Amino acid sequence: MAVVNPNKTHLFENDDEDGPISFKRSSASMKSSRPTPSKQEGSSGSAGVPVRTSKPVAPNQQKNGVSASASRLLHVKPPSSSPNHRPSGSGQPNSSAENSSKSNSIDKSKLKRPLVKEENSDDSDDEVPIGLRRKVEEKKLKRVVEKADDNDNTPLAQRLKMGESSKGKPSAKNVVKKSPASTKKNIKKMKRKVKTKKTMKNSQFSKTMKVPPGSGGGQKWTTLEHNGVIFPPPYKPHGVKMLYNGQPVDLTPEQEEVATMFAVMKDTEYATMQTFIDNFFTDWRKILGKNHIIKKFELCDFTPIYEWHLREKEKKKQMTSEEKKALREEKLKQEDKYMWAVVNGVKEKVGNFRVEPPGLFRGRGKHPKMGKLKRRIKPSDITINIGRGAPVPECPIPGESWKEIKHDNTVTWLAFWNDPISQKDFKYVFLAASSSLKGQSDKEKYEKSRKLKDHIQNIRDNYTKDFRSKDETKRQIAVATYLIDKLALRAGNEKDDDEAETVGCCTLKIDNVTCLPPNKIQFDFLGKDSIRYFNTVEVEELVYKAIEGFHRGKPPGYDLFDKLDTTRLNAHLKDLMPGLTAKVFRTYNASITLDDILHKETEDGTLLEKIAVYQRANKEVAIICNHQRSVSKSHESQMTRLNEKIDDLKAQRDELKVDLGKAKKGKPLGNDKDGKPKKNSPPEQIEKKIAAIETKIEKMEMDKKIKEDLKTVALGTSKINYLDPRITVAWCKRHEVPIEKIFNKSLLAKFGWAMDVDPEFRF
DNA sequence: CTACCTACTTAGTAATCCCGCA
DNA sequence: TGCGGGATTACTAAGTAGGTAG
């Protein structure tokens with residue numbers, strides 16, 4: 001993207017179908033065939049940047065009456081209207097309406113719902129049943145497709161390859177059984193396998209280094225002391241009675257607690273989502289017990305509790321600042337001992353020493369488990385990791401005890417417990433970002449991505465070559481790598497059925513990727529956090545052809561890269577560079593883009609101008625990485641207000657112009673608003689005033705534009721996770737920009753390791 | 001291999017802080 | 001001098017990826 005070109009800022013506006021994504025490539029830019037490297041300003045333009053769009057969560061939008069199947073169909077060609085934006089606001093219920101109006105109407109349901117689900121589908125529902133079925137059906141699908149491939153559509157030559165590479169799972173079997181070509185296929189398969197092995201062996205890098213250099217043999221620390229974790233206070237019943245069927249209901253504290261969790265969420269979108277309600281109600285009824293009068297959600301009225309909550313909130317707000325301060329200090333005092341750990345003799349901050357309080361699970365997007373009760377964590381759920389010699393933290397809840405004490409110095413966690421929502425997941429307590437342990441691994445991360453610079457040309461040549469490979473697996477790897485490199489897509493691990501359906505590169509579905517002749521590809525899918533990625537990109541001819549090929553014979557909902565998963569992909573990457581994985585490309589592209597833009601575009605100018613350059617670069621990166629935020633509730637009104645101010649200034653300016661004309665002719669200026677005659681000023685003075693107002697208008701217009709541009713762009717994520725801080729620090733040093741203008745307190749602490757970088761540092 | 005387990009990074013949103021301004 | 005709103009911090013969900021057992 002022409003990143004820097006101010007004109008193009010609105011990347012978000014509607015880039016639907018156009019534009020090559022001129023992805024900015026640093027010096028090592030991709031070879032020729034690559035679509036317009038952004039930098040050339042002239043290049044067309046606005047590039048299709050990933051477009052931000054919808055946020056998943058918005059319940060409404062998902063359903064909106066479109067049946068799943070219908071929507072899926074639509075989806076094929078999403079309305080090009082305004083791609084960008086995410087519909088619902090941050091979880092605020094109301095905002096959704098406003099947003100959704102603009103949002104492009106694609107509803108998510110279509111985005112994700114694979115064909116399979118359709119049958120039962122419908123909208124709201126979706127929940128569990130579908131999930132359950134999905135795997136099975138998907139498998140079926142795969143098989144069907146495979147068969148199809150086997151026989152017809154696919155040219156023999158191609159078929160041979162498909163067979164050979166397949167993971168050996170069902171497809172291989174099928175092939176053997178049914179295809180006449182099977183023998184050949186198998187032979188080929190073997191051959192290829194052998195070959196691969198050989199290559200791997202020979203590869204200088206193939207041995208994955210088990211331990212990153214630097215960290216001595218996997219050991220992360222030698223001594224570790226800390227005080228464990230702090231638990232949320234026990235529930236304090238409020239005694240406010242909710243209504244059931246119009247009648248007040250008695251609830252035990254335990255029952256009331258859960259009711260309150262729900263009541264309090266009345267003003268979030270969650271409260272309107274069927275899945276959320278159902279899950280909540282199911283879990284709550286377990287606590288109510290079989291014989292409780294409360295049987296139907298529809299008859300529940302939580303408003304009394306909600307109102308109590310509002311009153312409490314108000315009370316809190318009304319407290320004087322002294323009271324608030326006292327409260328804060330009290331809390332601080334209590335928590336102080338948990339805040340710190342001593343690692344190798346050095347006192348370090350602990351990140352999250354507070355155990356997560358019970359609540360209703362707030363999954364993002366269409367999470368099948370949203371609304372489920374996240375139960376209270378007890379000491380007996382928690383495993384503590386601590387140095388051998390160190391005193392084991394005393395369990396803060398009398399009469400209870402930790403689940404287990406470990407002394408594992410190959411890991412960095414201080415404690416963990418199993419996530420009550422998903423038993424298989426863990427919640428860890430780690431040191432804070434400012435700790436040297438984290439700092440070191442952060443630095444290693446950037447060093448690794450910097451190394452990619454030395455290999456990138458080779459890697460690009462390599463995958464470019466493989467675009468025409470006869471081996472479908474190779475072609476898939478090549479194209480996937482290309483997308484990860486060029487579009488900064490995430491790897492795309494497989495997900496379980498009990499999670500929201502989102503995808504990354506390796507898990508892209510047929511219907512997420514549309515070929516638009518002659519050479520554009522449109523991506524439309526929900527990625528991490530169910531953030532929509534919507535982007536149309538011009539690709540090289542061979543890539544286009546290859547993707548068309550991957551589509552052939554596969555129904556929507558089927559994997560585009562069916563011979564690929566992140567493990568395979570990363571294994572391949574590791575052959576090209578030690579330690580290389582898909583995510584390194586994101587870091588690399590983000591950091592190199594920043595380095596590049598800063599070097600090209602920083603000019604001598606005011607501090608403010610330099611900072612503006614940085615922010616533009618930052619924004620560019622955020623767009624590449626598709627880092628989004630929801631539009632603030634008040635955005636609209638703020639814009640209106642800005643416009644009013646601008647109009648007002650313009651009116652003033654115009655009036656002054658009239659005055660100026662008169663003044664030049666020596667005429668009186670007339671009256672002001674209050675009807676009093678204005679005092680005459682010399683023309684020069686009026687001109688000055690006009691100029692001043694013009695400047696002000698310009699500035700406001702600029703502010704307005706930036707605000708609009710950034711309304712859906714989150715700059716923070718890339719700053720925290722993707723941009724090598726040394727680039728920033730070095731730039732600040734070279735251009736005499738105080739680092740505090742770019743990094744806030746936490747970032748300064750986090751990036752302590754980068755502060756002494758040489759001013760000439762290049763990523 | 002694949003499936004599962006484990007550890008750690010990355011992500012958006014909610015809550016809170018804080019500052020300039022009518 | 002309250003308050004609108006941006007900035008920062010807190011929170012925890014949701015990714016990536018390595019290792020390992022079967």
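Computed from a predicted structure; not experimentally measured. A, B, ... follow the sequence lines: proteins, then strands. Residue 1 opens every chain.
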For this session: Answer with base, sugar-phosphate or nothing: what part of the nucleic acid does A:Lys374 contact at a heavy-atom distance below 4.0 Å?
Result: sugar-phosphate
Seminar exercise, completed: Checking C:dA17, C:dA13, B:dA11 against the side chain of A:Ala582 (C-beta onward), the nearest is C:dA17
Problem set entry | A:Lys745 (side chain) and C:dT8 (base): donor-acceptor pair under 3.5 Å | no
For this session: Applying salt bridge (charged side-chain N to carboxylate O under 4.0 Å, His left out), run through A:Lys333 and A:Asp336 and close with a yes or a no.
Result: CA-CA 5 Å; A:Lys333 213 171 75 190; A:Asp336 186 64; over 6 Å; no
Exercise. When you measure from the side chain of A:Ser634, which nucleotide among C:dT12, C:dG5, B:dG12 comes out closest?
Worked result: C:dG5
For this session: Counting heavy atoms from C-beta on, name the nucleotide in B:dA11, C:dT16, B:dC8 closest to the side chain of A:Asp529.
Result: B:dA11
Problem set entry | Interatomic distance where CG belongs to A:Leu573 and P belongs to C:dT16 [whole Å] | 14 Å
For this session: Select base, sugar-phosphate, or nothing to describe what A:Thr412 touches, counting heavy atoms under 4.0 Å on all strands.
Result: sugar-phosphate
Exercise. Looking across every strand, which nucleic acid part, if any, lies under 4.0 Å from A:Gly527 by heavy atom: base, sugar-phosphate, or nothing?
Worked result: sugar-phosphate
For this session: Round to the nearest Å and state the distance from A:Trp417 atom CH2 to C:dA13 atom C1'.
Result: 13 Å
For this session: Calculate the interatomic distance between A:Asn744 atom CG and B:dC17 atom P; express it in whole Å.
Result: 16 Å
Exercise. Does a nitrogen or oxygen in the side chain of A:Arg354 sit under 4.0 Å from OP1 or OP2 of C:dT9?
Worked result: no
Seminar exercise, completed: Taken to the nearest whole Å, CG/A:Leu414 to C1'/B:dC8 is 13 Å
Exercise. Under 4.0 Å: is that the gap between some side-chain N or O of A:Thr717 and OP1 or OP2 of B:dG12?
Worked result: yes
Exercise. With sugar-phosphate meaning primed atoms plus P, OP1 and OP2, does A:Lys369 contact a base, only sugar-phosphate, or nothing at under 4.0 Å between heavy atoms?
Worked result: nothing
Exercise. With a cut-off of under 6.0 Å to the ring centre and 45° to the axis, is A:Lys438 in cation-pi contact with A:Phe430?
Worked result: yes
Exercise. Which of these nucleotides, C:dA17, B:dT10, B:dC8, is closest to any side-chain atom of A:Asn570?
Worked result: C:dA17
Exercise. Between A:Asn570 and A:Thr581, do the side chains contain an N or O donor and an N or O acceptor separated by less than 3.5 Å?
Worked result: no
Problem set entry | Phosphate OP1/OP2 of B:dA11 contacted by A:Tyr722 side-chain N/O (<4.0 Å) | yes
Exercise. Is any side-chain N or O of A:Lys528 closer than 4.0 Å to OP1 or OP2 of C:dT16?
Worked result: no
Seminar exercise, completed: Whichever of A:Glu740 and A:Cys505 has the more 5' nearest nucleotide on DNA chain C, that residue is A:Glu740
Seminar exercise, completed: Testing C:dA17, B:dT6, C:dA14 for proximity to the side chain of A:Arg364, the answer is C:dA14
For this session: May I ask you to check whether A:Lys495 and A:Thr502 show a side-chain donor-acceptor distance below 3.5 Å?
Result: yes
Problem set entry | A:His367 ring center within less than 6.0 Å of A:Phe361 ring center | yes
Exercise. Checking A:Thr566 side chain against A:Asn493 main chain: does a donor-acceptor pair fall under 3.5 Å?
Worked result: no
Problem set entry | Distance test, side-chain N/O of A:His367 to OP1/OP2 of C:dA13, below 4.0 Å | no
For this session: Identify whether any heavy atom of A:Asn493 sits under 4.0 Å from a base atom; if not, whether one sits that close to sugar-phosphate; answer base, sugar-phosphate or nothing.
Result: base
For this session: Could you check which of C:dA17, C:dT8, B:dG12 has an atom nearest any side-chain atom of A:Gln628?
Result: B:dG12
For this session: State, without any angle test, whether A:Tyr270 and A:Arg362 hold a side-chain donor-acceptor pair at a distance under 3.5 Å.
Result: no
Exercise. At under 4.0 Å between heavy atoms, what does A:Gln638 touch on the DNA or RNA strands: base, sugar-phosphate, or nothing?
Worked result: sugar-phosphate
For this session: Starting at atom CZ of A:Phe430, determine the distance to atom P of B:dA7, rounded to an integer number of angstrom.
Result: 8 Å
For this session: Inspect the surroundings of NZ in A:Lys696 and state if more than 12 heavy atoms from other residues, nucleotides or ligands are less than 6.0 Å away.
Result: no
Exercise. Would you say the side chains of A:Lys704 and A:Asn643 form a donor-acceptor pair under 3.5 Å?
Worked result: yes
For this session: Name the nucleic acid region contacted by A:Lys583, choosing base, sugar-phosphate or nothing; use a 4.0 angstrom heavy-atom cut-off, strictly under.
Result: sugar-phosphate
Problem set entry | Sugar-phosphate only, base, or nothing, as touched by A:Phe416 at under 4.0 Å among non-hydrogen atoms | nothing
For this session: Would you indicate which nucleotide in B:dA11, B:dC8, C:dG6 comes nearest to any side-chain atom of A:Lys438?
Result: B:dC8
For this session: Would you mind telling me which of B:dA7, C:dG6, B:dT9 lies closest to the side-chain atoms of A:Lys707?
Result: C:dG6
Exercise. Out of C:dG18, C:dA13, B:dA7, which has the shortest distance to the side chain of A:Thr581?
Worked result: C:dG18
Exercise. Nearest-Å distance, CG (A:Leu332) to C1' (C:dA10)?
Worked result: 14 Å
Exercise. For C:dG4, does OP1 or OP2 lie under 4.0 Å from any side-chain N or O of A:Arg641?
Worked result: no
Seminar exercise, completed: Comparing A:Arg328 with A:Lys424, nearest DNA chain B nucleotide closer to 5' gives the residue A:Lys424
Problem set entry | Residue whose nearest DNA chain C nucleotide is more 5′ - A:Gly492 or A:Arg362 | A:Arg362
Exercise. So what does A:Ser441 hit on the nucleic acid, given a heavy-atom distance under 4.0 Å: a base, only sugar-phosphate, or nothing?
Worked result: sugar-phosphate
Problem set entry | Phosphate OP1/OP2 of B:dA7: any A:Tyr428 side-chain N/O under 4.0 Å | yes
For this session: Check the distance between B:dC4's C1' and A:Glu499's CD and give it to me in whole angstrom.
Result: 13 Å
Exercise. Under 4.0 angstrom, heavy atoms only, what part of the nucleic acid is A:Gly504 near: base, sugar-phosphate, or nothing?
Worked result: nothing
For this session: Mind calculating the distance between CG (A:Leu747) and C1' (C:dT8) to the nearest angstrom?
Result: 10 Å
Exercise. OP1, OP2 of B:dA11 versus side-chain N and O of A:Arg490: anything below 4.0 Å?
Worked result: yes
Problem set entry | Closest to side chain of A:Lys445, choosing from B:dT6, C:dA13, B:dT10 | B:dT10
Exercise. If each of A:Lys645 and A:Thr587 is mapped to the nucleotide of DNA chain B with the nearest heavy atom, which maps nearer the 5' terminus, i.e. the 5' end?
Worked result: A:Thr587
